[in-house]
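Shown next, in structure tokens, is the structure this report addresses.
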Amino acid sequence: MLKNYLLAPGPTPVPPRVLLAMAQPIIHHRTPQFSRIFAETKNALQELFQTQQDVLMLAASGSGAMESAITNLFSPGDEVLVVNGGKFGERWMKISAAFGLKVTELRVEWGKSVTVDAVRQLLDERPAIRAVLVQASETSTTVVHPVEALANLTRQRDTLLVVDGITAVGVLDIPMDRWGIDVLVTGSQKALMLPPGLAFIALSERAWKRTKEGKVARFYFDLAKERDNQAKDTTAWTPAISLIIGLRESLAMIREEGLRRVFERHARMAAATRAAAHALDLRLVAPDAPSPAVTGMYTPADVDGGKLVAYLRDRMGVTFAGGQDQLKGKIVRIAHLGYMGAFDVVTAIAALEMALVHFGHRVPLGRGVGAAQEVLMAALPE
Ligand SMILES: *Cc1c(COP(=O)(O)O)cnc(C)c1O
């Protein structure tokens, strides 16, 4: 038997309590029984998003909510500014282009976060820009972008801030209303501790106004239609019933822990993972603004990162993510989000050390683990 540890930045592990809730016999969705559950989850989602706005639930992976933002808010030919510093920034570019938007790309070196000055300069130069599209946490390069500062810019103009928060919501503090974020998106299979299949999106007042002008064709992802249905505690189409029943549990777990403590837990796991990387002399992919959801580290020059990740997964039962495109074979990404805690970090680092040694890279076993433990000790209960 090989016991598996899923430590990738999505999908993430699902707690037994959530699995059991989803294992119940299916119920019909046009019933008071389902509507009660739905009402509970929609309210809890507002707490999670820190918004008074409706948080809509779509049956899709996270990209579905990203696409819905584009198709509901814009018209073909509208100019948008995309912060492109990784695979998910690239996804904003591709979706925008697919629906005929005019994309102005702000390219950011992989592993770096965008500077507010660069965005301000482009917005000043190009007043036609209707929105800034960005990731709060760019999972592919393990960096965070300065969403609060970007919101300070966009709030003062007729420019929307559209944020992919897929590894940020439920990981770090991203108060939608307080910061003035116009669109915030997440998915079920990351911090929400669910299988893939649900996507969530919330819009500010002024973003809702834009939906009335947007001329891109849309049908399945019609957010105004979805909002009308949600007001009646139902969905436009058949919802992902079992996932929503699971969502009620996972949101209850988040509420029981408390958002503040959820953020602290993620920050601590990330700090412990970075401390281990430092102790093992592994360079961070995003040293300046590392994501609390996932830590990327370069593998040593004498070790093929692709082989390392495959060996860890297939022979040791520990799933990390590798690098994509120019980072392929060069990095490992160790996730610490969702249903994870201190000993997932310890497991991750112990496995990493063992795999490095297996591939001939001499590190003293336990050095990274010890460094992680030092950080984790600080949060040990009395
Ligand atoms: C995982 C992830 C996505 C999403 O997409 P899926 O469509 O759910 O595969 C988008 N953006 C970020 C930042 C992510 O981490």
Side-chain angles (χ1 to χ4, degrees), residues 6-14 48-49 55-71 82-96 98-99 108 110-114 132-147 150 161-172 174 176 181 183-202 220-221 240 243 246-247 250 266 270 285-286 289-296 319-325 327 331-340:
L6 183 56
L7 303 173
T12 63
V14 180
L48 179 74
F49 274 58
V55 181
L56 306 174
M57 298 176 235
L58 309 172
S61 80
S63 302
M66 292 171 76
E67 174 170 319
S68 78
I70 302 298
T71 55
V82 176
V83 174
N84 180 10
K87 290 306 282 180
F88 294 109
E90 221 172 271
R91 188 162 305 173
W92 275 137
M93 306 244 322
K94 287 182 179 166
I95 300 171
S96 303
F99 292 100
V108 178
W110 282 30
K112 296 272 193 279
S113 54
V114 72
V132 175
L133 316 184
V134 69
Q135 272 59 43
S137 162
E138 171 52 86
T139 317
S140 67
T141 66
T142 69
V143 83
V144 288
H145 290 304
V147 172
L150 295 177
L161 182 63
V162 180
V163 179
D164 165 1
I166 296 180
T167 51
V169 175
V171 174
L172 51 87
I174 181 165
M176 177 172 169
I181 295 167
V183 179
L184 187 58
V185 165
T186 195
S188 55
Q189 81 275 28
K190 311 267 170 118
L192 281 175
M193 310 182 281
L194 287 164
L198 282 180
F200 309 93
I201 184 167
Y220 182 74
F221 294 129
L243 288 173
L247 175 67
S250 68
H266 284 88
V285 178
S291 171
V294 54
T295 298
T319 300
F320 297 153
Q324 295 157 288
D325 293 357
L327 292 179
I331 66 166
V332 291
R333 287 178 295 147
I334 300 177
H336 26 72
L337 82 157
Y339 185 53
M340 294 195 203

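Any value given below was found using the heavy atoms of this structure, including those in side chains, with hydrogens, waters and symmetry copies removed. First listed ligand is number 1; within each ligand, the first listed atom is number 1.
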Sub-4.0 Å heavy-atom approach of Arg91 to ligand 1:
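Yes, that is the case, since the closest heavy atom of the residue is under 4.0 Å from the ligand.
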Just which atoms of ligand 1 are under 4.0 Å from any heavy atom in [X]?
X      : result
Ser137 : 13 (C)
Ser63  : 5 (O), 6 (P), 7 (O)
Ile166 : 1 (C), 2 (C), 3 (C), 4 (C), 10 (C), 11 (N), 12 (C), 14 (C)
Thr139 : 12 (C), 13 (C), 14 (C), 15 (O)
Gly62  : 6 (P), 7 (O), 8 (O)

Would you name the heavy atoms of [X] and [Y] that are closest together and state the gap between them?
X      : Y      : answer
Phe49  : Val185 : CE2-N, 4.5 Å
Gly322 : Arg333 : O-NE, 2.7 Å
Glu138 : Lys87  : OE2-N, 3.7 Å

Starting from atom 11 (N) of ligand 1, find the nearest protein heavy-atom neighbour and note its residue, name and distance.
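Heavy-atom neighbour on the protein nearest atom 11 (N) of ligand 1: Asp164 OD2, 2.6 Å.
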Would you mind checking which non-hydrogen protein atom is closest to atom 3 (C) of ligand 1, with the distance to 0.1 Å?
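Answer, as residue, atom name and distance: Phe88 CE2, 3.3 Å.
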Regarding ligand 1, does [X] bring an N or O atom to under 3.5 Å of one of the ligand's N or O atoms?
X      : answer
Lys190 : yes
Ser61  : yes
Pro9   : no

Validation row: Met66, Gln135 side chains within 4.5 angstrom (heavy atoms)
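The answer is yes, as the side chains (C-beta and beyond) meet within the 4.5 Å cut-off.
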Side chains of Leu192 and Leu48 in contact at under 4.5 Å (non-hydrogen atoms)
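Yes, close enough: below the 4.5 Å cut-off.
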For the pair Leu337 and Val294, evaluate side chain to side chain contact (heavy atoms under 4.5 Å, CB included) and give the outcome as yes or no after the intermediate values.
CA-CA 7 Å; Leu337 82 157; Val294 54; 5.6 Å; no
For ligand 1, the portion of Gln189 having any non-hydrogen atom under 4.0 Å away:
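Answer for Gln189: side chain.
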So how far is it from Ile201 CD1 to Met57 CE, rounded to the nearest 0.5 Å?
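Reported to 0.5 Å precision, the distance equals 13.5 Å.
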Identified side-chain contact (heavy atoms from CB on, under 4.5 Å) partner of Ile181 from the options Val163, Val162, Val134:
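Among Val163, Val162, Val134, the one that satisfies the side-chain contact (heavy atoms from CB on, under 4.5 Å) with Ile181 is Val163.
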